[in-house]
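Only one structure is covered here, and it is reproduced in the block below.
Side chains included, hydrogens not; waters and symmetry mates left out as well; all remaining heavy atoms used.
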Amino acid sequence: MKKIVLCFSLLAAFLVAFGSLDSLTSRASAETHSYDGKSPYYNNCADSAVTKKSVKINANGATANLELKFSTTCKTAWAKITLSRPAKADGEATALVVRSTDNKQYHCASPGGNGEINKGQTTCYTPMVYDLDPRKAKAVGYWPYTAGETDWY
């Protein structure tokens with residue numbers, strides 16, 4: 001009888017700590033959502049885009065604006081980086097979006113993005129990650145010899 005009571009006590013403590021068995025398994029495995037990896041223009045998600053977080057990256061006397069975009073309709077997030085001057089070389093800059101719950105990441109060159117910033121270009125965006133609460137996302141940007149990241153949203 002003591003073992004049964006102990007087992008139920010441990011189970012109760014587990015459920016208080018983790019909420020349910022499903023929440024533990026969802027934390028341990030990658031999530032899959034229909035919008036993950038899709039272009040922000042898929043299903044017109046970009047039409048309801050707002051900038052939730054942004055940060056300036058300073059490099060070589062120029063700046064880049066890194067944004068975490070969020071679609072209020074699709075509940076998705078993606079990263080966008082815009083340079084203040086055209087790139088001088090291919091692959092000069094890129095951005096990355098990261099989801100907090102499973103660390104799913106996409107960069108501008110991932111399918112669904114528009115490619116790294118190449119010579120003469122000034123901007124790129126990543127594919128989307130589904131970002132409805134409790135999920136959070138952040139944007140990370142890379143420019144020669146420097147990087148920046150937004151806070152989580």
Query - Sequence-distant partners of Glu67, salt bridge (Lys or Arg N to Asp or Glu O under 4.0 Å), two or more places apart - result: Lys69
**Report entry** Sequence-distant partners of His33, ring-ring contact (aromatic ring centres under 6.0 Å, His included), two or more places apart
**Finding:** Tyr130
Report task. Step by step, work out the side-chain contact (heavy atoms from CB on, under 4.5 Å) result for Arg85 and Thr122. Result -> CA-CA 6 Å; Arg85 59 144 178 87; Thr122 58; over 6 Å; no
Report task. Flag the pair Asp36 / Val129 as yes when at least one side-chain heavy-atom distance between them is below 4.5 Å, and no otherwise. Result -> yes
Query raised in the report: Is there a path of hydrophobic side-chain contacts, each under 4.5 Å between heavy atoms of I, L, V, M, F, W or Y residues, that connects Leu96 with Ile57?
Result: no
Donor-acceptor pairs are to be reported for all side-chain atoms of residues 77-84 against protein atoms at under 3.5 Å, with residues two or more places apart or in another chain.
residue : atom : partner : partner atom : Å
Thr82   : OG1  : Thr123  : OG1          : 3.4
Ser84   : OG   : Thr63   : N            : 3.0
Ser84   : OG   : Thr63   : O            : 3.0

Query - Exercise: identify the closest heavy-atom pair between Asp90 and Lys119 - result: OD1-N, 3.0 Å
Query raised in the report: Are Val98 and Asn103 side-chain neighbours, meaning at least one heavy-atom pair lies under 4.5 Å?
Result: yes
Query raised in the report: With distance as the sole test, does Lys136 use its side chain to make a donor-acceptor pair with the main-chain N or O of Asp133 at under 3.5 Å?
Result: no
Report task. Just grab all the disulfide bond (SG atoms under 2.5 Å apart) pairs involving residues 59-104, residues at least two apart or on different chains. Result -> Cys45-Cys74
Report task. Specify the closest pair of heavy atoms between Val97 and Thr126, including all atoms of both residues, with the distance to one decimal. Result -> CG1-OG1, 3.4 Å
Requested in this report: Not counting sequence neighbours, list each pair that qualifies as a disulfide bond (SG atoms under 2.5 Å apart) and has a residue in residues 95-153.
Outcome: Cys108-Cys124
Query raised in the report: Looking only at heavy atoms, which two atoms of Gly112 and Tyr125 are closest? And how far apart?
Result: O-CE1, 3.8 Å
Query raised in the report: Are Tyr41 and Met128 connected in a single hydrophobic cluster, I mean Ile/Leu/Val/Met/Phe/Trp/Tyr linked by side-chain heavy atoms less than 4.5 Å apart?
Result: yes
Query raised in the report: Looking at side-chain heavy atoms only, is the closest gap between Lys75 and Asp131 below 4.5 Å?
Result: no
Query raised in the report: Where do Pro86 and Gly120 come nearest, in terms of heavy atoms and distance?
Result: CB-O, 3.7 Å
Requested in this report: State whether a side-chain donor-acceptor pair under 3.5 Å links Asn118 with Glu116.
Outcome: no
Query raised in the report: About how many Å separate CG of Asn43 and NZ of Lys38, when rounded to the nearest 0.5 Å?
Result: 9.0 Å
Considering only distance and modelled atom types, tabulate donor-acceptor pairs under 3.5 Å from the side chains of residues 139-153, sequence neighbours left out.
residue : atom : partner : partner atom : Å
Trp143  : NE1  : Glu92   : OE2          : 3.0
Glu149  : OE2  : Lys138  : NZ           : 2.9
Thr150  : OG1  : Ala139  : N            : 3.0

Report task. Measure the shortest side-chain to side-chain distance between Asn44 and Thr73 over non-hydrogen atoms and say whether it is less than 4.5 angstrom. Result -> no
